[in-house]
2 protein chains.
Amino acid sequence: MTSDRHVVSIGLSAAIVAVADENPDVLIVKSGSDALPFGPFDPIAHRTLESGLRTWVGEQTYLELGYVEQLYTFGDRGRHTFKPGEGPRVVSVGYLALTRPTGEPKAPDTIWRSWYRYFPWEDWRTARPAVIADAIVPALQAFETAADAPALAEARRDRARLCFGLDGLAWDEEKVLERYELLYEAGLVAESARDGRTPADHAVRLGEPMMFDHRRILATAIARLRGKMKYRPVVFELMPASFTLLELQRTVEAISGVRLHKQNFRRLVEDQGLVEGTGKMSALTRGRPAELFRFRREVLRERPAPGVRLAPRRVV
Amino acid sequence: MTSDRHVVSIGLSAAIVAVADENPDVLIVKSGSDALPFGPFDPIAHRTLESGLRTWVGEQTYLELGYVEQLYTFGDRGRHTFKPGEGPRVVSVGYLALTRPTGEPKAPDTIWRSWYRYFPWEDWRTARPAVIADAIVPALQAFETAADAPALAEARRDRARLCFGLDGLAWDEEKVLERYELLYEAGLVAESARDGRTPADHAVRLGEPMMFDHRRILATAIARLRGKMKYRPVVFELMPASFTLLELQRTVEAISGVRLHKQNFRRLVEDQGLVEGTGKMSALTRGRPAELFRFRREVLRERPAPGVRLAPRRVV
DNA sequence: CCATTAATACTCATTATGAGTATATATGTA
DNA sequence: TACATATATACTCATAATGAGTATTAATGG
């Protein structure tokens, strides 16, 4: 049934995320270009893919992973650098893992980096990122014009509008992967030329590139986390045992990339029973001291889909 | 980097779904026990996993797949029947595919079957399925009692409550996989004993079993479709070019397994701009003739997340 | 003392949702 | 023909959820 021509090897990659100082950090291995921690799956040693991942991530990064979620399995030829003849084809399984901030990583050549370094157009917390109007919109317009059929041009135009919220359409913070794939197809990220998809003479190189298809995996991870957060209390995997409501809000904002309405956020989070006051006060604030809250685990037993639905603030 | 001990072979399985006569049918291959169409991924012939899937599904079932979505990659040892020594370990990638009803399948040993045959507890359209009160609740109670620690017993109790909507909790039609996994762990499905997870002398064998981990893949497919339908117009992949609003509603109900409030469903679907009237009337109804509608493709360019959010009917 | 910063408590309009009622238009049959 | 039955479609109405504030309180640093 399974002859030799069918064998592949499986690579496991993890987007390991922590939020520190209001930045959504991802663990990066510096090996030439930036890479996600990754390693081969050993079918003899490990019963499941996830246990394989946990093991070598532990060995390689000295991190104990808490929350782990499988994202997607990528098998595209041409988006992985292993050349034909160098052994079996690699199929990569991407994972999202959450952890609390740890300070400097203990493993060599490993650092925490804000994911907005790789996706500068995704951070709308202070303002609409300038790169959108300055570089993305004109480049996508050129991509539209370069289409060899009117229907294709229109389709490209529609994609651009929906992905980047043009012509008054709303910005959808969950469309991270759609945006990256559009930029990839339009030849606006370095990986696109590297994979031979577009000529190497393009001028626009948006965001920091990553090794193999790791930026695509990271885009998938961000999108999944932004969505999941709204109906599962996963943010608390990133928080310390007690925190102020503003700290919680800043964490949600760091991930979603948008600012929220403070009073409504508080109402939401309390009415849903996601947190409970500890009675203690935070000492480290500037204004009026805030109460420290903790995650109410019981919410998992009460509500079918408890999460931090976003209550965005009007754009000022 | 990738030595021989790391090679595996990849199996692709597809839950191919069509709705006919108000039944959510899935394409089944009869080969001993019921199986999903599956085949090995050939890394030499195919550029992507999805193109590999489309090719051999086309060859094996004579179906042209329209909508295809990757579900999950399972690598568990012990949930796949291939024994050690029989070649490389198989990692299976599950897919969901949607198609319009085709009548009898053309491929040999292939039939359409309602998915509720495998998940009888998931069909709440006429009433709460009797199997829940008759078999599931008592068996899960026994499973709770059999726990060797009070904390474990309580955790099992909570899972049962949340999964099956006990003690007045709401039924969440999306928790299909959670329910199946709970029944699997509790030894209440045939696969559990087959995999050696539970003693073979258990009396309860809920639903029709499937080969390998195919029932788990199907559970994942149902859950994904039930969720996705609410924010993406995927139902229309299952509908003919024109249809009455009741036909559309019956399709949504077949998938979700719950009855909807007719007037509110109509309001939702029209206000969202998901459909538009064709001006023609349906001839095949019993009561007052209904207008025929068609899917408004433009909705994809207008709304960020158009879908059929469920407006459930009060349980009578 | 007061400007600044943040926390927390309320208010209010608008929209979305759930559950109907009312009426219209077919078919089949007494 | 009249009416029972089955749908389709149009409206209504109360309640809940959401978005956008205003108002008040409590700290710190000159």
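Throughout, a chain's letter reflects where its sequence line sits, starting with A, and its residues are numbered from 1.
- Atom-to-atom, CG of A:Leu268 to C1' of D:dA16 comes out at 14 Å; the value is rounded to the nearest Å.
- Note that CG of B:Asn23 is 11.5 Å distant from CD1 of B:Ile255, once rounded to the nearest 0.5 Å.
- Atom pair B:Leu248:CG and D:dT7:P shows a separation of 17 Å (rounding to whole Å applied).
- Atom P of nucleotide D:dT9 and atom CZ of B:Phe265 are separated by 13 Å, given to the nearest angstrom.
- We find that A:Glu154 and A:Arg159 are not joined by a salt bridge, their nearest charged nitrogen and carboxylate oxygen being 4.0 Å or further apart.
- Salt-bridge annotation for B:Arg157 and B:Asp167: present, with a side-chain N of the basic residue lying under 4.0 Å from a carboxylate O of the acidic one.
- As rounded to whole Å, 14 Å separates atom P of D:dA8 from atom CZ of B:Phe243.
- Using a 4.0 Å cut-off between charged side-chain N and carboxylate O, B:Glu253 and B:Arg125 make no salt bridge.
- Atom SG of residue A:Cys163 and atom CH2 of residue A:Trp171 lie 8.5 Å apart, to the nearest 0.5 angstrom.
- Going from atom CG of B:Leu260 over to atom P of C:dA19 covers 12 Å, rounded to whole Å.
- Salt-bridge formation is detected for the pair A:Glu174/A:Lys230: a Lys NZ or Arg NE/NH1/NH2 atom is positioned less than 4.0 Å from an Asp or Glu carboxylate oxygen.
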Between the protein and nucleotides 6-11 of chain C, are there any N/O to N/O pairs under 3.5 Å, and if so, what are the atom names and distances?
| residue | atom | partner | partner atom | Å |
| --- | --- | --- | --- | --- |
| C:dA7 | OP2 | A:Lys262 | NZ | 2.4 |
| C:dA7 | N3 | A:Arg288 | NH1 | 3.3 |
| C:dT8 | OP1 | A:Glu291 | N | 3.0 |
| C:dT8 | OP2 | A:Arg266 | NH2 | 2.3 |
| C:dT8 | O5' | A:Arg266 | NH2 | 3.2 |

